[in-house]
Student: 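The following block contains the structure, expressed as structure tokens.
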Number of protein chains: 2
Amino acid sequence: MVEPAEHPSTGRPLRKDAVRNRELLITTAAAAFSVSGADVPLEDIAGRAGVGIGTLYRHFPTRDSLVEAVYRHEVDVLVERADQLLDTLPPDQALKEWMQIFVRHVATKRGMLSVLKPMLSSNSSLFAETHGRATAATTKLLEAGVAAGTVRADVDGGDLLRAVGGICMSTDQERSDTSDRLVGLLFDGLRHGVGVGSSSGAPS
Amino acid sequence: MVEPAEHPSTGRPLRKDAVRNRELLITTAAAAFSVSGADVPLEDIAGRAGVGIGTLYRHFPTRDSLVEAVYRHEVDVLVERADQLLDTLPPDQALKEWMQIFVRHVATKRGMLSVLKPMLSSNSSLFAETHGRATAATTKLLEAGVAAGTVRADVDGGDLLRAVGGICMSTDQERSDTSDRLVGLLFDGLRHGVGVGSSSGAPS
DNA sequence: TGCAAAACGGAGGTAGCCTCCGTATAATAA
DNA sequence: TTATTATACGGAGGCTACCTCCGTTTTGCA
């Protein structure tokens, strides 16, 4: 569901081994970018994924195209995660959990940011699409909470996404506890003026 | 006056040929960055400057150190230019001329910006120093105009610098006529409420 | 099972980075 | 002026990463 896996030029579906290698490359690249920053040798990534360098280049003709694929994949994961959480937790808990996962997730991707930022400002459709999907996921979580009466109704999904993104950006160091506290603060704000009737403990 | 030209480790003055080559490299690099963007091969720069690659690396051990030197030199030039203009033109004309030179100057340096931006945000002392000098030059021009009664007195040098910088950033294309018009507009605003005529003194 | 299309893999050509050291030159002492 | 020495020059060469190309392997299909 994450990747339709079609051939780029002809519309035909990708061969099974091609699909496997493509996904393998994306996850390996994500890990490599996290560990070694955005300028890991592409040959390293191919090597760690257990494929030849030719295979990497066939799937991703440029470094940017690989970074873009990794980024899209990250967004996919985060969006899917929102649905999973909504299925397994009360809406307000799902929202809080998701915000924390989001921040921690971005924290491990810091190495990519220097490459990603210019890409997002030059490739506006990439930005629009991923931003739209992230906003939709945020809105969905919010609205579920509103429907359950555990989250205030006057908050916009886009605004909340921006706020969470701001937390990611402002915490330059690896101070994950700071981020957690900020997320907690933000979350408490989301419940302001709503009866404490959910399944969670009382806020501060 | 621009460069004291001291040896980096020992405090001794640089040998004459070393000074010459260093300056040659900076001006050549500035031209190369303008023409071919920030990732010109360093060997090209050395070649165009007529020195060996070893000489380039001795003066500038990293690419960033060369970019930084070029940037500092550009600021030097602009600051000196302000003094020259003040010596040869009525203050308000000097100010207008300087704003135009500033904008055109930055326009030719666009290739460097992608490298310079991250440098300025990570190297805060570099930013503070150059920004301070540029603000001082702007303030000096402004105050001369105020003293002559041809520029309004309620404008801050830092604000004006920011405004001119904004014009540089907003004009992405090579539309230099647009920039000129914007500078003209801004300049007219600086004279608002002051009697016309650049030599007669009519302080508010 | 056999065949054609699709995908794989990695050798090798290219390019830019950076170091190292023998040679040249400027500064200084005699 | 000449001799001496500290500085600086230059570019060959080793290294690393990029990317292409093509013979080999695998997959999907009849």
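Note that the structure is a prediction, hence the values are computed from the model and not measured. Below, chain A is the first sequence line, B the second, and so on; all start at residue 1.
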Student: Round to a whole Å and report the spacing from CG of D17(B) to P of dT7(D).
Tutor: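 The distance from CG of D17(B) to P of dT7(D) comes to 13 Å, rounded to the nearest Å.
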Student: Just N and O in the side chain of N21(B): are any of them under 4.0 Å from OP1 or OP2 of dC9(D)?
Tutor: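 Answer yes for this pair, as a side-chain N or O of N21(B) is under 4.0 Å from OP1 or OP2.
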Student: Rounding to a whole Å, what distance do you find between R63(B):CZ and dG16(C):P?
Tutor: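 After rounding, the gap between these two atoms is 10 Å.
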Student: Quick check for you: among dC9(D), dT26(D), dG9(C), whose closest atom lies nearest to any side-chain atom of T55(B)?
Tutor: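 Minimum distance to the T55(B) side chain belongs to dC9(D).
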Student: Between dA8(D), dG16(C), dA5(C), which nucleotide has the shortest distance from any of its atoms to the side chain of R15(A)?
Tutor: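 Comparing dA8(D), dG16(C), dA5(C) against the side chain of R15(A), the answer is dA5(C).
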Student: Starting at atom CZ of F60(A), determine the distance to atom C1' of dC19(D), rounded to an integer number of angstrom.
Tutor: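 Distance check: F60(A) CZ to dC19(D) C1' gives 16 Å.
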Student: Just how far, in rounded Å, is C1' of dC18(D) from CG of D44(A)?
Tutor: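 Rounded to whole Å, this separation is 13 Å.
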Student: Expressed as a whole number of angstroms, how long is the span from I45(A):CD1 to dC18(D):C1'?
Tutor: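 So the CD1-C1' distance, I45(A) to dC18(D), works out to 13 Å.
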Student: Could you say whether D39(B) or R20(B) is positioned toward the 5' end of DNA chain C, judged by the nucleotide with the nearest heavy atom to each?
Tutor: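 Closest to the 5' end, via its nearest nucleotide, is D39(B).
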Student: Please pick, from dA26(C), dC18(D), dC17(C), the nucleotide with the shortest atom-to-atom distance to any side-chain atom of K16(B).
Tutor: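 Nearest nucleotide to the side chain: dA26(C).
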Student: How about NE2 on H192(A), more than 12 heavy atoms from neighbouring residues, nucleotides or ligands closer than 6.0 Å, or not?
Tutor: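 Counting other residues, nucleotides and ligands, NE2 of H192(A) stays at 12 neighbours or fewer.
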Student: Which nucleotide wins on minimum distance to the side chain of Y57(A), given the candidates dG9(C), dT19(C), dT20(D)?
Tutor: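 Of the options given, the side chain of Y57(A) lies nearest dT20(D).
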Student: Within the pair H59(B) and dA8(D), is there a side-chain N or O less than 4.0 Å away from OP1 or OP2?
Tutor: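 Indeed not, no polar side-chain atom of H59(B) lies that close.
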Student: Taking atom P of dC19(D) as reference, at what distance in whole Å does atom CG of D64(A) sit?
Tutor: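 In whole Å, dC19(D) P lies 10 Å from D64(A) CG.
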Student: Suppose we screen for side-chain contact (heavy atoms from CB on, under 4.5 Å). Which residues come up paired with A94(B), at least two apart in sequence or across chains?
Tutor: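 In terms of side-chain contact (heavy atoms from CB on, under 4.5 Å), with neighbours along the sequence ignored, A94(B) is linked to L85(B), L86(B), L89(B), L141(B).
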Student: If the plane angle is over 60° it's perpendicular, under 30° parallel, otherwise tilted; pick one for F102(B) and W98(B).
Tutor: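 Plane angle over 60°, so perpendicular.
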Student: Please determine whether any donor N or O and acceptor N or O are separated by less than 3.5 Å between the side chain of R12(B) and the base of dT7(D).
Tutor: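 It does not, because no donor-acceptor pair links the side chain of R12(B) to the base of dT7(D) below 3.5 Å.
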Student: Find the distance L56(A):CG to dA7(C):C1' and express it as a whole number of Å.
Tutor: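 So the CG-C1' distance, L56(A) to dA7(C), works out to 14 Å.
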Student: What is the distance, to the nearest angstrom, from the CG atom on L42(A) to the C1' atom on dT20(D)?
Tutor: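 So the CG-C1' distance, L42(A) to dT20(D), works out to 14 Å.
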Student: If you pin E43(B) and A18(B) to their nearest nucleotides in DNA chain D, which one's is more 5'?
Tutor: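 The residue closer to the strand's 5' end, by nearest nucleotide, is A18(B).
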Student: Is it the case that over 12 heavy atoms from other parts of the model lie below 6.0 angstrom from the NZ atom of K140(B)?
Tutor: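 For K140(B), atom NZ is not crowded (no more than 12 foreign heavy atoms under 6.0 Å).
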Student: If you go through the side-chain atoms of R58(B), does one of them form a donor-acceptor pair with the base of dA8(D) closer than 3.5 Å?
Tutor: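 Answer no: no donor N or O sits under 3.5 Å from an acceptor.
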Student: Is it true that E129(A) and R72(A) make a salt bridge, defined as a side-chain N closer than 4.0 Å to a carboxylate O?
Tutor: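 Counted as a salt bridge, because a side-chain N and a carboxylate O are separated by less than 4.0 Å.
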